[in-house]
Amino acid sequence: MNSSPSLPLEFSAASREKYVRDLGHLPLDILVVGGGITGAGIVRDAALRGYRVGLIEKADFASGTSSKSSKLIHGGLRYLKNLEFSLVHEALGERKTLLEIAPHLVHPLKCLLPVYESDTDPSWMVHLGLLMYDMLSFSKSIGSHQMIEGEAAESVAPLLRKEGLKQIAQYYDCGADDFRLVMANVQSAAQAGAVVANYVRAEDLWREKGTVVGVKATDALTGARLDIRSHTVVNAAGPWSDQLRKIWEEEEIPRLRTTKGVHLILSRDRLKILHPIVLPAVSDQRPVFAIPWRRFVVLGTTDTEYTGDLDRVCPERDDIDYLLDTFNHYFPTVRLTDSDIVSTFAGLRPLVDEGGKTESRVTREYEIFEGPEAVFSIVGGKLTTYRTMALEMVDRLRKKLESSFSVKAAEPRCRTGEQPLYGGEIEDFEQFRETWFERLRQELDLDEEVATHLAETYGNALDIVVPFLAAGPDGSEKILPDLPFLWGELDYALAREMTVGLDDFVIRRTHLFSLDREQGQSIIGEVADRMALALGWSAEEVKRQKSRYLAKIEVVQGFRGLGRINRSSAS
Ligand code: FAD
């Protein structure tokens, strides 16, 4: 594998200002609109091929669907039922590639699939499906499936309902921090020369004498208008892509079908499971997951048609009941209630509109639409297959750039599968984690939980993170006593991760928002004060940041009324 250009990358609010200036002056070959995994994958691929490429994101990177997924890098067992063999084959290949280019972010998971007498799929069919899954996998390196029963089955999942349990299928997939995967792509792209900025919103196409020459945009932080000149434009706005197409093309034909997926986060003390478990939902037999995540468990997901406000997607009472009813059925001694829910998150699947199909049968494949002129829209896909989507998109752009603009790529071949992602230059992750655990214990007196969090978050960029943890009076101190996030990570995030808003740090650069029962309300005052110092915020701006943050709590906790929100923390 080739190695990536060496770390570190300056990626601060000041870098953002420079990038925004560049976007207004430097003509581009490709402008990507949307900083989710789709846009981030495309901008990295294009930058590695030597194009002059830019990316704009209307809010923070991955603030749309790409931080609200089930965080699985998987072949998609259930797509075998829809006979989508090529999708499964491609996804299993990508699982292997991502393990290689981002070993700090992508980790093998042993998954359990219990088979009950009442299930619509009998044991033999599950066994056959998993045989096929193993065969379609390029590599057996993360393990082949096994069918277990009797005492062995009980010991692997002791809390599971025993009545009617015939067998448990054990198979392998991977998990990943979805936000971090986007961030690593964006940082790698910037290292390769891409011009990237969060909080820049694409408005209309920019036309000169009737010809599209770029995009008109607004810097959401300053309100300044920005005309970005580019030969080609890619609409990678996920669930928002039809909205943009409507403005850009006056197009009424929807290409997109959005379905909502809700997850619940619980403490693992309340549902003591060791491995991800897939179960058929009680009401409609759709597969749902319970996934251990550090000291927590994520339950999800729902899949329902969504036509509401794209910027305010809330878990509703029915979503919560759907998940609690299912897991209470399969874990009868646990008796989960609302009070066990630490947090929730909800996202929208940007699916290709196939008209008439039920939500979970709509394909997770993607489509690229061309026009008007050199403007493209890319719709659909999965987190797992983002790299191959990007590859096809950039191949299409290459043809367009050559034929219409006589622009040739310095390196026409896609190199994203060969070069490690930012932080991913690691030979053996287990050894890497051990080495860092020892070093962090000796140098900063950090425990194993914190060391694991740091190794899995930053990979070999830890060399750059550590000086931030070692600096100042409390760089290596926890922001909240029960969670592994440190104050030094805030300074690092400001300098190296384009963190320009309170929720950028508390919701996405860390998971304080999702993993704290109070959604970090006790610390947002101090985080905001420190950010104000670094970013020059006025008192008014601090207040605005806090109010915006509290509004996000209303979204995730709204299903139980708003009594838990401490309004005084906004003032
Ligand atoms: P998004 O992440 O939504 O990115 C689009 C971006 O465009 C947004 O950040 C938005 O702010 C920006 N934008 C919009 N309008 C503008 C504008 N005018 N100007 C600038 N920017 C704009 N896939 C898997 O492989 N594994 C899983 O386990 C998995 N689980 C899932 C669970 C759920 C509940 C959901 C909803 C999806 C799941 N997926 C999973 C699918 C995967 O998460 C999505 O396919 C993927 O994240 C979509 O990424 P995207 O970049 O296309 O969209």
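Quick caveat: nothing in here was measured; it's all calculated off a predicted structure. Only this structure's heavy atoms are used, side chains among them; waters, hydrogens and symmetry mates stay out. Start at 1 and go down the list; that is how both ligands and their atoms are numbered.
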Is any N or O atom of [X], backbone or side chain, closer than 3.5 Å to an N or O atom of ligand 1?
X	result
Thr65	yes
Ala62	no
Pro239	no
Trp240	no
Thr301	no
Thr384	yes
Ser66	yes
Ile73	no
Lys68	no
Glu57	yes

Which residue holds the protein heavy atom closest to [atom], what is that atom called, and what is the gap in Å?
atom	answer
atom 28 (O) of ligand 1	Leu72 N, 3.1 Å
atom 21 (N) of ligand 1	Lys58 N, 3.0 Å
atom 45 (O) of ligand 1	Gly381 O, 3.2 Å

Mode of [X] contact toward ligand 1 - side chain, backbone, both, neither (heavy atoms, under 4.0 Å):
X	answer
Ala236	backbone
Leu348	backbone
His74	side chain

Item checked: Side-chain (Thr65) to main-chain (Leu348) donor-acceptor, under 3.5 angstrom -> yes
Notebook entry, point to check: With a cut-off of 4.0 Å, which atoms of ligand 1 are near a heavy atom of Arg201?
Noted result: 18 (N), 19 (N)
Checklist line | Close approach of Val200 to ligand 1, heavy atoms, under 4.0 angstrom | finding: yes
Check: Checking Arg255 against Phe369: charged group under 6.0 Å from the ring centre and within 45 degrees of the axis?
Finding: yes
Check: Where do Lys552 and Ile507 land on the side-chain contact (heavy atoms from CB on, under 4.5 Å) test, with the steps shown first?
Finding: CA-CA 9 Å; Lys552 304 251 158 104; Ile507 299 182; 4.0 Å; yes
Note to self: Less than 4.0 angstrom from a charged side-chain N to a carboxylate O is my criterion; do Asp177 and Lys71 meet it?
What the structure shows: no
